[in-house]
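All ligand and atom numbering here is 1-based and tracks the order in the structure.
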Amino acid sequence: MTRRKLIAGNWKMNGDLAALAELEGIARAADSAGNVEVAMALPATLIAPAVAATPGLAIGAQDVHPAPRGAHTGCISVAMIAEAGARFSIVGHSERRADNYETDADVKAKATALLAGGLSAILCVGETLEQREAGKAEAVVTGQLTASLPKGAAADWLSIAYEPVWAVGTGRTPTVADIAAMHGAIRATLRTAIGADADAMRLLYGGSVTGDNAAALLAAGDVDGALVGGASLTAAKFVPIIEAAAGLD
Ligand code: PEP
């Protein structure tokens, strides 16, 4: 099964209006990258101006609240990001699981809200270093996936990002073999959960992806793209990752 590669950037709590100039180079690279899909998860304040500046680029959010509205100070709903022009949101990023104590049930509710609102989701799972060293990485990741996978999970709106917590923002990555093994386990878990559509669902790797390691990491078995933090902040660092994906097509 051929799956269209997805390269997604995550600016986290970085960027301002001036930084949107970076999106122009990224959009140009996306245009010439053939069959590679490029998406950018931006701070909520930048979604509408980014959509206006680069209408061809898929712009999204980094998190949403599962409720449609209400007394949730500081949160943002699916309808709000959709109105701003977002096409998707990340859910379950390890920084939100750690900083905001988000559970698998929370992540599932957020993904469910995105589906109901007609938006796509990138659902993150990943083990800590302690869990990997204890030999529990696969059990932890597939357990998170099973518990956070929403009803209605399907390849046309949902992607899974495997992001080992110890690789996010650290400059460390698992071996290509370890990534391929984990993605194989994720694919098998998805087959059990949703059947044949699992083979169409994109599995992204995330954690210290750069222009230097992208080609090797993206060529790993069952890797259909990347979720990129630090190296997505500038066109100079992100474009080589898009080009690496295009080169594997
Ligand atoms: C991320 O934020 O999802 C991420 C993978 O970050 P980095 O690429 O900086 O490790």
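Ion pair Arg97/Asp104 flagged as a salt bridge, since at least one NZ, NE, NH1 or NH2 atom sits closer than 4.0 Å to an Asp/Glu carboxylate oxygen. A salt bridge is defined here as a Lys NZ or Arg NE, NH1 or NH2 lying under 4.0 Å from an Asp or Glu carboxylate O, and Glu127 with Lys136 fails to meet this definition. Of the charged side-chain nitrogens involved, at least one lies within less than 4.0 Å of a carboxylate oxygen, so that Lys110 and Glu102 count as a salt-bridged pair. Looking at Asp178 and Arg132, a side-chain N of the basic residue comes within less than 4.0 Å of a carboxylate O on the acidic one, giving a salt bridge. With salt bridges taken as basic N to acidic carboxylate O contacts below 4.0 Å, one links Arg3 and Asp224.
His183 and Tyr162 have perpendicular rings, their planes meeting at more than 60° on a 0 to 90° scale where under 30° would count as parallel.
Residues Leu20 and Pro49 form a side-chain contact, since some pair of their non-hydrogen atoms from C-beta on lies under 4.5 Å apart.
When each of Leu46, Ile7, Thr54, Ile59 is tested with Met40 by the rule side chain to side chain contact (heavy atoms under 4.5 Å, CB included), just one qualifies, namely Ile59.
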* **salt bridge (Lys or Arg N to Asp or Glu O under 4.0 Å) between Lys5 and Glu37, intermediate numbers included** => CA-CA 6 Å; Lys5 289 240 177 334; Glu37 191 179 331; over 6 Å; no
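The nearest protein atom to atom 1 (C) of ligand 1, hydrogens excluded, is given as His93 NE2, 3.2 Å; this is a heavy-atom distance. The single protein non-hydrogen atom nearest to atom 4 (C) of ligand 1 is Gly229 N, 3.5 Å, given as residue, atom name and distance. Nearest protein heavy-atom contact of atom 2 (O) of ligand 1 is Lys12 CE, 2.6 Å.
Interface atoms of ligand 1 facing Glu163, defined by a heavy-atom separation under 4.0 Å, are 1 (C), 3 (O), 4 (C), 5 (C). Taking a cut-off of under 4.0 Å to the non-hydrogen atoms of Gly230, the atoms of ligand 1 that pass are 7 (P), 8 (O), 9 (O). Contact atoms of ligand 1 toward Gly207: 5 (C), 10 (O) (distance under 4.0 Å to a heavy atom of the residue). Taking a cut-off of under 4.0 Å to the non-hydrogen atoms of Leu227, the atoms of ligand 1 that pass are 3 (O), 5 (C). Interface atoms of ligand 1 facing Ala167, defined by a heavy-atom separation under 4.0 Å, are 10 (O). Listed by number with element, the atoms of ligand 1 under 4.0 angstrom from any heavy atom of Asn10 are 1 (C), 2 (O), 3 (O). Near Gly169, with a cut-off below 4.0 Å to any heavy atom, the atoms of ligand 1 are 7 (P), 9 (O), 10 (O).
Considering backbone and side-chain N/O of Ser208, one or more are found under 3.5 Å from N/O of ligand 1. Residue contacts with ligand 1: Val228 is placed with no nitrogen or oxygen under 3.5 Å of a nitrogen or oxygen of the ligand (distance criterion only).
Residue Glu95 places every heavy atom at 4.0 Å or more from ligand 1.
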